[in-house]
2 protein chains.
Amino acid sequence: MTTLKEVAKLANVHPSVVSRVLNKDNTLNIKEETRTRINEAINELNYSPNSAARSLKTNQSRMIGMAIPDFNNPVYSSIIHGAEDHAAMEGYHLLVYSMKQKGLGKDFFSKLLKERIDGLLIATSDINNKHILSLNETKKPFVLVNRMIQDVENYVILDDERGGKLATKHLIDLGHRHIAHITGPLYTGTALKRFQGYREMLQEKNIPFEVKYVQESDYTMEGGYQSMEKLLELDSPPTAIFAANVMVAMGAIKAIHDNGFQVPADFSVIGIHDVFFASGLSPSLTTVDMPLYEMGSRAVAQLINAISERKLKFPGETIDGANLIPRESTRSLLDE
Amino acid sequence: MTTLKEVAKLANVHPSVVSRVLNKDNTLNIKEETRTRINEAINELNYSPNSAARSLKTNQSRMIGMAIPDFNNPVYSSIIHGAEDHAAMEGYHLLVYSMKQKGLGKDFFSKLLKERIDGLLIATSDINNKHILSLNETKKPFVLVNRMIQDVENYVILDDERGGKLATKHLIDLGHRHIAHITGPLYTGTALKRFQGYREMLQEKNIPFEVKYVQESDYTMEGGYQSMEKLLELDSPPTAIFAANVMVAMGAIKAIHDNGFQVPADFSVIGIHDVFFASGLSPSLTTVDMPLYEMGSRAVAQLINAISERKLKFPGETIDGANLIPRESTRSLLDE
DNA sequence: TATTATAAGGAAAACGTTTTTCTTATATGT
DNA sequence: ACATATAAGAAAAACGTTTTCCTTATAATA
């Protein structure tokens with residue numbers, strides 16, 4: 001392992017000069033000639049700095065932690081993807097931790113922040129609020145991703161309300177008037193806002209809101225299945241279902257099929273989040289694509305900014321953008 | 001940030017003693033009394049060691065890198081999950097890098113190995129063989145996961161042949177005699193072995209192997225779709241399809257539906273890998289579940305072992321186990 | 001009692017950087 | 001020509017550990 005000293009020796013300068021070249025330190029002056037001499041030495045020896053030594057000295061690791069609920073959730077895959085790309089772009093590395101059935105002790109993250117990472121992305125609700133607030137003591141920044149809690153401004157979220165409106169609007173535009181909504185857990189901000197979007201769009205289009213068409217569910221396939229069965233039992237069932245996410249949509253479709261009906265012939269179904277297999281489902285699923293990748297990317301950008309500015313707080317950010325991706329699972333009632 | 005020195009001062013001992021207690025160094029003797037005194041001081045000051053300093057001194061980071069093709073692939077999600085759990089268990093951290101559309105320069109990983117990580121998991125075919133072999137120069141261990149290349153023994157793979165046999169056997173047991181196989185890319189070991197399993201099982205059951213029933217594909221939905229369309233054009237189409245993975249299976253099912261047929265009424269379909277949404281598909285998909293989680297876990301175990309034993313080589317390992325998960329997409333021809 | 005073994009812990013160097021301060025030589029202004 | 005400013009680089013301390021080697025006191029042995 002070649003060290004900075006060896007580079008210095010070969011270039012015939014003092015180690016400190018090499019360090020300044022390495023860090024593009026502009027406050028000190030270095031002759032162009034020596035700079036190139038040093039760079040040649042670096043190349044010749046195939047030198048790369050020891051990051052442990054660097055971390056020790058600068059008290060920065062250029063690593064970012066990220067807590068997610070589950071690796072097997074394509075929504076988080078997209079967020080991670082965006083986060084990782086942006087981190088790489090800025091020379092940071094991402095450490096991802098799944099909370100799934102893991103007894104990561106109470107102070108796992110505060111310890112991690114203390115000793116190893118420069119900041120933390122919290123993209124999971126598995127960490128309770130008190131615990132999150134206690135991270136303030138570490139004096140290192142963290143960002144809530146796709147989640148908000150009281151008294152914490154550092155969040156990056158999506159415009160879920162717009163997502164809910166778009167999904168509902170699509171069904172209305174297709175001529176549906178009896179539109180059910182299978183929600184996510186309503187104690188989560190995302191589910192609540194999608195629900196709000198649904199109500200607002202109904203109102204905007206002068207379609208009466210009917211409580212019987214709303215089923216609170218839990219973002220799972222099983223939940224979607226059960227909720228759909230309840231909707232099927234109604235005297236006048238809906239003709240279209242706005243599912244809070246794709247898992248719920250899949251469960252609902254399964255319930256529809258199991259009860260002898262067809263999608264979209266008998267029921268139109270739309271879900272939030274254009275996961276990678278949405279187009280592969282039979283029928284392919286109409287979705288509202290949310291900018292998950294960008295949310296991950298922006299969250300990292302905000303975090304890195306907070307790290308380098310040594311700020312622990314910044315104003316929350318909402319990522320705009322939600323796109324309807326029409327596919328086979330929704331059908332128009334108008335051209336009949 | 002409290003340091004080891006402060007702990008030493010509070011406990012009234014020399015820093016070196018604290019270090020020895022911290023590292024459970026048994027070669028040196030320490031009175032039980034001082035040991036508890038030190039531990040009390042550690043708790044009182046809420047001390048945790050600076051990992052940068054530790055890394056600098058010991059030349060180990062307790063971090064493992066992992067290269068995957070794509071975050072959006074549930075197969076790799078499971079592998080990561082297993083890897084991450086095992087790493088956490090052993091006090092290691094996992095750095096995951098997706099190769100997707102990222103210009104990670106040729107020597108990204110060798111640099112990473114040099115400066116930051118203790119070992120590397122290669123779970124992608126995006127890194128070419130020469131490049132992998134050049135990692136040997138870093139003198140740090142790496143493990144191939146779900147992949148083999150010549151002259152590299154350090155691999156952990158699955159018994160894909162058994163997976164192929166199980167899938168084929170299931171279809172045969174259901175009474176099918178005209179069984180097609182849509183393969184993955186046959187230059188990959190996994191696809192080749194699944195194909196071999198298919199042939200062997202046919203032979204074992206005295207069912208003639210027919211070339212027309214084999215379509216080479218590429219593990220994608222689109223590939224599965226196209227291959228299935230070719231199978232549908234045959235004079236005597238198969239009654240069952242063994243798809244090399246779930247994406248291919250979804251594509252095939254879509255093609256079947258688009259051509260006016262039903263699954264499983266007209267065609268039975270089975271795929272490899274029991275991804276999390278297989279049960280949510282309509283019809284739910286019969287799969288062969290492979291021990292992906294365990295493969296990830298074992299790969300990390302092997303890597304950590306290599307790290308601590310300072311060995312660069314170890315004998316390859318094949319993870320046993322493959323389980324049929326029967327669902328709605330396959331149906332018996334026998335009870336007609 | 002004299003010698004040696006052992007237990008318990010202290011001293012200090014080292015890991016590879018960064019950064020503040022110091023030195024020297026040359027350029028600038030009057 | 002003198003004082004001063006600046007450019008270019010050297011010196012050295014420091015970051016927080018680990019680890020090898022020493023020291024001292026006590027216990028064991030002859």
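Please read all numbers here as calculations on a predicted model, not as lab measurements. The chains referred to below are lettered A, B, ... by the order of the sequence lines, with proteins before strands, and numbering in each begins at 1.
For B/L312, the side chain to side chain contact (heavy atoms under 4.5 Å, CB included) partners are B/K139, B/P141, not counting sequence neighbours. Taking the ring pair (Phe, Tyr, Trp, His ring centres under 6.0 Å) definition, one finds that B/H93 meets it with A/Y97, sequence neighbours left out.
Contact annotation for B/T34: backbone-only contact, meaning every heavy-atom pair under 4.0 Å involves sugar-phosphate atoms and none involves a base.
The distance between atom CD of A/E32 and atom C1' of D/dG9, rounded to the nearest whole Å, is 15 Å. One interatomic measurement links the two molecules: NZ of A/K9 to C1' of D/dA10, which rounds to 16 Å at whole-angstrom precision. Atom CG in A/N29 sits about 13 Å away from atom C1' in D/dA5, given to the nearest Å.
Of the residues listed (B/T188, B/T124, B/D160, B/I319), the one engaging B/N146 in a side-chain contact (heavy atoms from CB on, under 4.5 Å) is B/D160, and it is the only one. Of the candidates A/L121, A/I68, A/I157, A/L303, A/L121 is the only one forming a side-chain contact (heavy atoms from CB on, under 4.5 Å) with A/V145.
For the pair B/L135/B/I122, a side-chain contact is recorded, criterion being any heavy-atom separation below 4.5 Å from C-beta on.
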Pairs under 3.5 Å (N/O, protein and nucleotides 13-19 of chain D):
| from | atom 1 | to | atom 2 | distance (Å) |
| --- | --- | --- | --- | --- |
| D/dA14 | N3 | A/K57 | NZ | 2.7 |
| D/dT17 | OP1 | B/Y47 | OH | 2.8 |
| D/dT17 | OP1 | B/N50 | N | 3.3 |
| D/dT17 | OP2 | B/L4 | N | 2.7 |
| D/dT17 | O5' | B/Y47 | OH | 3.0 |
| D/dT18 | OP1 | B/N23 | OD1 | 3.4 |
| D/dT18 | OP1 | B/N23 | ND2 | 3.2 |
| D/dT18 | OP1 | B/R54 | NE | 2.8 |
| D/dT18 | OP1 | B/R54 | NH2 | 3.4 |
| D/dT18 | OP2 | B/S19 | OG | 2.6 |
| D/dT18 | OP2 | B/N23 | ND2 | 3.2 |

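Salt bridge A/E32/A/R35: present, at least one basic N to carboxylate O contact under 4.0 Å.
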